[in-house]
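These numbers come from the heavy atoms of this one structure, side chains and all, not from hydrogens, waters or symmetry mates.
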Amino acid sequence: MASTKVVEITTDNFQGTVLDSEHPVLVDFWAEWCGPCHMIAPIIDAIADEREDLIVGKLDVDAHPAIAQRYGITGIPFVGLFRDGNLVKKSVGAMPRPALERALGLDD
């Protein structure tokens, strides 16, 4: 079951939800047709449910391509960690949760 804590990120709310956030924001850039995106979805949901220190969101790159283009995203799933309006860590491709958390600096 999908987490109720995952925020839908769109072109309209990206600035306020991600860039202007006082908290770190984890954004899963995904698409409906992307099999690996569906593979990591439960991991993203679990992180959202377990981490009170993060805002976790999902952005559909097909519906909001300008944001993906802004960050040069050419492969998905792309999971980015934003702090103070900046993309500070990223992970591309499906991987087990420990590897994803390590890549994003969430394992400490």
Side-chain angles (χ1 to χ4, degrees):
M1 184 165 93
S3 172
T4 57
K5 291 186 175 184
V6 175
V7 177
E8 181 181 355
I9 306 292
T10 66
T11 302
D12 293 337
N13 71 4
F14 186 80
Q15 181 72 40
T17 304
V18 178
L19 301 181
D20 294 339
S21 177
E22 294 179 4
H23 303 283
V25 183
L26 188 72
V27 180
D28 176 16
F29 292 83
W30 74 289
E32 185 62 44
W33 51 264
C34 171
C37 296
H38 290 281
M39 289 172 55
I40 70 161
I43 297 169
I44 301 299
D45 290 343
I47 291 171
D49 288 339
E50 296 168 15
R51 299 287 300 251
E52 296 294 326
D53 59 325
L54 292 174
I55 295 170
V56 178
K58 292 177 74 81
L59 183 137
D60 182 335
V61 297
D62 286 338
H64 308 283
I67 296 172
Q69 290 171 357
R70 179 189 314 175
Y71 292 98
I73 297 170
T74 57
I76 56 173
F78 179 105
V79 182
L81 181 65
F82 290 80
R83 289 184 201 266
D84 300 318
N86 297 303
L87 177 63
V88 295
K89 299 270 186 174
K90 63 183 177 183
S91 173
V92 181
M95 60 188 68
R97 182 174 177 173
L100 178 65
E101 289 180 327
R102 214 172 18 260
L104 297 170
L106 301 177
D107 59 344
D108 43 357

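- Scanning both residues, V61 and A31, for their nearest heavy atoms gives CG2-CB, 4.1 Å.
- Atoms CG and NZ, on D45 and K58 in that order, are 6.5 Å from each other to the nearest 0.5 Å.
- Tracing side-chain contacts under 4.5 Å through hydrophobic residues (I, L, V, M, F, W, Y), one reaches V6 starting from L81; they form part of the same cluster.
- One hydrophobic cluster, built from ILVMFWY side chains closer than 4.5 Å, cannot hold both I44 and I55; they sit in different ones.
- Note that CG of D62 is 6.5 Å distant from CD1 of I76, once rounded to the nearest 0.5 Å.
- Minimum interatomic distance between L87 and G80 (heavy atoms only, all atoms of both residues): CD1-CA, 3.6 Å.
- Note on V27: it does not cluster hydrophobically with L104, by side-chain heavy-atom contacts below 4.5 Å among ILVMFWY residues.
- Heavy atoms only, all atoms of each residue included: P77 and D28 are closest at CB-OD1, 4.3 Å.
- Heavy-atom minimum distance, A94 versus M39: CB-CE, 4.4 Å.
- Across all their heavy atoms, S91 and A103 have their closest contact at CB-CB, 4.1 Å.
- Here the shortest heavy-atom pairing between E52 and D49 reads OE2-O, 4.3 Å.
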Side chains of residues 9-19: which donor-acceptor pairs under 3.5 Å do they make with residues two or more places apart or in other chains?
| residue | atom | partner | partner atom | Å |
| --- | --- | --- | --- | --- |
| T10 | OG1 | D12 | N | 3.2 |
| T10 | OG1 | N13 | N | 3.2 |
| T10 | OG1 | N13 | OD1 | 3.3 |
| T11 | OG1 | H64 | ND1 | 3.0 |
| N13 | OD1 | T10 | N | 2.7 |
| N13 | ND2 | E8 | O | 2.9 |
| Q15 | NE2 | D20 | OD1 | 3.0 |
| T17 | OG1 | N13 | O | 3.0 |

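- To the nearest 0.5 Å, the span separating CD1 on I43 from CE on M95 amounts to 9.0 Å.
- Side-chain heavy atoms closer than 4.5 Å link hydrophobic residues (I, L, V, M, F, W, Y) into clusters, and following such links, possibly through other members, connects L100 to L106.
- Aromatic ring orientation, F29 versus Y71: tilted (interplanar angle from 30° to 60°).
- Residues V92 and V79 fall into different hydrophobic clusters, defined by Ile, Leu, Val, Met, Phe, Trp and Tyr side chains chained together at heavy-atom separations under 4.5 Å.
- For H38 (side chain) and E32 (main-chain N/O), a donor-acceptor pair under 3.5 Å exists by modelled atom type.
- Summarising the geometry, atom CG belonging to D60 is positioned 5.0 Å from atom CH2 belonging to W30; distances are rounded to the nearest 0.5 Å.
- Checked for salt-bridge contact, R97 and E50 meet the test: a charged N lies under 4.0 Å from a carboxylate O.
- With respect to the salt-bridge test (charged N to carboxylate O, under 4.0 angstrom), the residues D107 and R102 do not qualify.
- For the atom pair L59 CG and I67 CD1, the distance stands at 5.0 Å (nearest 0.5 Å).
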